[in-house]
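The structure appears right after this line, and notes come after that.
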Amino acid sequence: MINSDGMNAEGKLLYEGKAKRVFASGKPHILRVEFKNSLTAFNALKKGSFENKGHINRDIASLLFQELNKEGIASHWISNAGDVDMIVHEVKIIPLEVVVRNTLAGSTAKKLGIAEGNVLAKPLVEFYYKDDALADPFVSDDQILMMGIATETEIQELKLLAQKINQTLKRIFAVAEIDLIDFKVEFGKDHQGRILLADEITPDCCRLWDMKTQEKLDKDRFRRDLGNIKESYEEVLRRLKGKLS
Ligand SMILES: Nc1ncnc2c1ncn2[C@@H]1O[C@H](COP(=O)(O)OP(=O)(O)O)[C@@H](O)[C@H]1O
Ligand SMILES: [Mg+2]
């Protein structure tokens, strides 16, 4: 858990995760997040990296956070710094991975015995308990309440926010001729108790399929050894930049 005590010496490393490093900014309630070149899957059992990944993911995440802000979705993003850094509002992360699915793929498709690629009539929101030691297990609303992770009102707020984020992301990616299959987001509370969208939205935590060819443009290329990982991440950024600027 990150705890900067409000203010820490600029540049102090507060947390190193699988894809990012979090530093104190020297300013109260503000952090600097560095996007690393490393890449992990299956709860870090599989490890890799590629050149320029940090830069690509920082740029994709910042573009998406800015577009979401335009739609009234508050996020931790404040500004970009250098090539791989993002200046953000510090939050206390709510330990839930909030997943939205438009098309079934991955663990839920497998668990329910439904073929990957099944388009859902209504987007599905799921919660997973963010805990590496437990391998991020699925949790029900009642389990979230039982563990005191969020209140009933907060659960409903998270679901509503997730649906709203999905609508906006779906639209943005569609313009870039990409199908948003599913994604994972994290939320946190700032020092005033406001819920903000935090962490990252990148091909590491989204499934993105080319609309025409159905080709995967996301971390599944790494999980499933499909090759061209770097090229796919670059392609996502290139298309978003081309359409959003
Ligand atoms: N605005 C923020 N304030 C505090 N912590 C954050 C913020 N945004 C993201 N985080 C946390 O910082 C860490 C980012 O590093 P990452 O490499 O993604 O970690 P992990 O390996 O735990 O997924 C995560 O634990 C994430 O929840
Ligand atoms: Mg992470």
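In listed order, ligands and their atoms are each counted from 1.
On a distance-only criterion, Val88 and ligand 1 share no N/O pair closer than 3.5 Å. Checking only distances, His76 does come within under 3.5 Å of ligand 1, N or O to N or O. Taking any N or O of Asp132, backbone or side chain, none lies under 3.5 Å from an N or O belonging to ligand 1.
Both the backbone and the side chain of Val91 come within 4.0 Å of ligand 1, counting heavy atoms alone. Under 4.0 Å from ligand 1, not a single heavy atom of Val33 appears.
At least one side-chain heavy atom of Phe187 sits under 4.5 Å from a side-chain heavy atom of Leu161. A heavy-atom distance below 4.5 Å is found between the side chains of Leu96 and Ile144.
Using modelled atom types, one finds no donor on one side chain facing an acceptor on the other under 3.5 Å when comparing Glu235 with Tyr233. There is no side-chain donor-acceptor pair under 3.5 Å between Asn37 and Ser49.
Ligand 1 lies less than 4.0 angstrom from a heavy atom belonging to Lys130.
The side-chain contact (heavy atoms from CB on, under 4.5 Å) test applied to Glu67 returns Lys70, Ile172, Leu244, not counting sequence neighbours. Every salt bridge (Lys or Arg N to Asp or Glu O under 4.0 Å) that Lys53 has, sequence neighbours left out, goes to Asp204.
Every atom of ligand 1 is numbered from 1 in the order shown, and the set under 4.0 Å from a heavy atom of Lys18 is 16 (P), 17 (O), 19 (O), 20 (P), 21 (O), 23 (O). Close approach of ligand 1 to Val22 (heavy-atom distance below 4.0 Å) involves ligand atoms 12 (O). Remark: ligand 1 atoms within the under-4.0 Å shell around heavy atoms of Glu186 are 26 (C), 27 (O).
For the pair Lys46 and Phe222, the distance from NZ or CZ to the six-membered ring centre is under 6.0 Å and the angle to the ring normal is within 45 degrees.
Residue Asp199 holds the heavy atom nearest to atom 26 (C) of ligand 1 of all those in Asp199, Asp190, Leu31, Ile87.
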